[in-house]
Protein chains: 2
Amino acid sequence: MIMKDVIFKYERPGIAVDVVLFAIINNDLKVGLIKREDEPYHGKHALPGRFVRYDEKIEDTAKKALEIKGNIDQSDILLEQLYTFGQDLERDTRIRTISIVYFALVDFEKIKRQEGNKLLFESVHSLPPMGFDHKSIINFALERLRNDIWTSDFAAALMPKEFTLTELQRAYEIILNQNLDKRNFRKKILEMNILKKISRTKREGPHRPAQIYSFKS
Amino acid sequence: MIMKDVIFKYERPGIAVDVVLFAIINNDLKVGLIKREDEPYHGKHALPGRFVRYDEKIEDTAKKALEIKGNIDQSDILLEQLYTFGQDLERDTRIRTISIVYFALVDFEKIKRQEGNKLLFESVHSLPPMGFDHKSIINFALERLRNDIWTSDFAAALMPKEFTLTELQRAYEIILNQNLDKRNFRKKILEMNILKKISRTKREGPHRPAQIYSFKS
DNA sequence: GCAAAAGTGTTGTAGATACACCCATGT
DNA sequence: ACATGGGTGTATCTACAACACTTTTGC
């Protein structure tokens, strides 16, 4: 009984937040990783993460992880809870750890010039050797991204403020990893009524200039 | 620095699992609650829950919570992770607690005669005063139930092994809290190809007997 | 005037909704 | 024979997929 109380009070599992941060870079979907400098998994890549402090809200832990590892301002990103992984007792070889994983999206243009950014953006299609169970977590996050891309504000979080419909379509194609029909894409996205025209066009080649749009509100 | 290490090592937040267990009873959707005997929220109702032990997988914590509070055998229930609530630092007034909430479904017939069941099943439409933030958690779970009822195996988990299509339709109506068209319901559910006919019928009134079905596999 | 991307309209199909009648039984 | 719930078929509409041509520009 006394033993149980000791376990209860002092041997709580560790609780960490890891963040899967996606961005579109060079026509590819990439995820922000750190290269581990400590054991376990020294030298392997991993998701940016941080232990939850006693008086810290878990979403703030996620924001802080991004701030410290990527010097990324919270206001630039979409952050949403993904899933809590706590099955594998050997997940972290130091202590038993439960990991609350957050899903994050950012427009890479907003962060690429940040000083102190330790994040390495790697293509989801060719991930480097990953520590922990982070590879499967990234795939889990990717499923969420693809499932919800049409019904969420995910696209708005990944795009710059202004863009053409072709650029937006390209983003959808990169995320879904498949080509989309131009006419159907435009019909669908415009009928969703989430875009507004900007009274400017983008000239960029020997062809008709493109109308510029942005997301509403 | 030393102070931080102390916090890191010893003052981990508490981590609990709470379970939202739904069952259909008397043509109503009910949720299994306990009446709290301790502070905080003494006398109020709450979700069955349990602190995660150091060497316990979180899903096992959920199963154990149901076993202890409801004497419910794990094999009878569908259990799935719902969401992790850890924003409200004042959620539990004893220590800072993060709650991983599981979503569970059971056929009430399987458990109603269990000895040692402390669970009180209350209608989701008239919940008693609830402790913690459990009322909003139940509503969150209810949304998940309604959203996924057509594309998951939720219905199979709530129904007895054998049933008529009218009984199944009634279950959907109770969950969705709306009436469904008989012809369309049957067409849809049969085209989903998840049911198999049992070569028996159910006679129960001055009318044509109903074909009995069960879920496949 | 030609190359190159922007921009648009129609048709077919599949899934959802709405709705009305016959069937098998107990009394 | 009648009351009761079990069981089915058809017309309509709507969302999505497939597909081809005209427009505006730079050179």
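Here the structure is a predicted model, which is why all the values come from computation and not from measurement.
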*Heavy-atom donor-acceptor pair, H42(B) side chain to E37(B) backbone, under 3.5 Å*: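 Side chain of H42(B) to backbone of E37(B): a pair is present.
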*Under 3.5 Å: donor-acceptor pair, side chain of K161(A), backbone of S214(A)*: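 Absent.
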Nearest-angstrom distance from the residue atom [atom1] of [X] to [atom2] of [N]:
| X | N | atom1 | atom2 | value |
| --- | --- | --- | --- | --- |
| R208(B) | dA24(C) | CZ | C1' | 6 Å |
| F185(B) | dG5(D) | CZ | P | 18 Å |
| N179(B) | dA18(C) | CG | P | 12 Å |
| K202(B) | dG26(C) | NZ | C1' | 17 Å |
| L190(A) | dA6(C) | CG | P | 14 Å |
| K187(A) | dT14(D) | NZ | P | 16 Å |
| L180(B) | dC19(C) | CG | P | 15 Å |
| F163(B) | dG6(D) | CZ | P | 14 Å |

*asked:* Please determine whether any donor N or O and acceptor N or O are separated by less than 3.5 Å between the side chain of K182(B) and the base of dG7(D).
replied: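 Donor-acceptor pair under 3.5 Å: yes.
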Please classify the nucleic acid contact of [X] as base, sugar-phosphate, or nothing, using heavy-atom distances under 4.0 Å.
| X | value |
| --- | --- |
| T166(B) | sugar-phosphate |
| E204(A) | nothing |
| E191(B) | nothing |

_R186(B), nearest nucleotide to its side chain (from dT8(D), dT25(C), dT24(D))_ =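 Comparing dT8(D), dT25(C), dT24(D) against the side chain of R186(B), the answer is dT8(D).
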*Counting side-chain heavy atoms from C-beta on, which of dC19(D), dG7(C), dG9(D) comes nearest to N184(A)?*
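Nearest nucleotide to the side chain: dC19(D).
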*asked:* If the cut-off is 4.0 Å, is R203(A) near the phosphate of dG26(D), judged by side-chain N/O to OP1 or OP2?
replied: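 For dG26(D), neither OP1 nor OP2 has a side-chain N or O of R203(A) closer than 4.0 Å.
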*Using 30° and 60° as the class limits, which term best fits the ring planes of F140(B) and F85(B): parallel, tilted or perpendicular?*
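Correct class here is perpendicular.
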*Determine whether the aromatic ring centres of F22(A) and F154(A) lie less than 6.0 Å apart.*
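When the ring centroids of F22(A) and F154(A) are compared, they turn out to be at least 6.0 Å apart.
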*Between F163(B) and F215(B), is the ring centre distance below 6.0 Å?*
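Yes, the ring centres sit under 6.0 Å apart.
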*In terms of the nearest nucleotide of DNA chain C, which residue is placed more toward the 5' end: G205(B) or Q211(A)?*
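Its nucleotide being nearer the 5' end, the pick is Q211(A).
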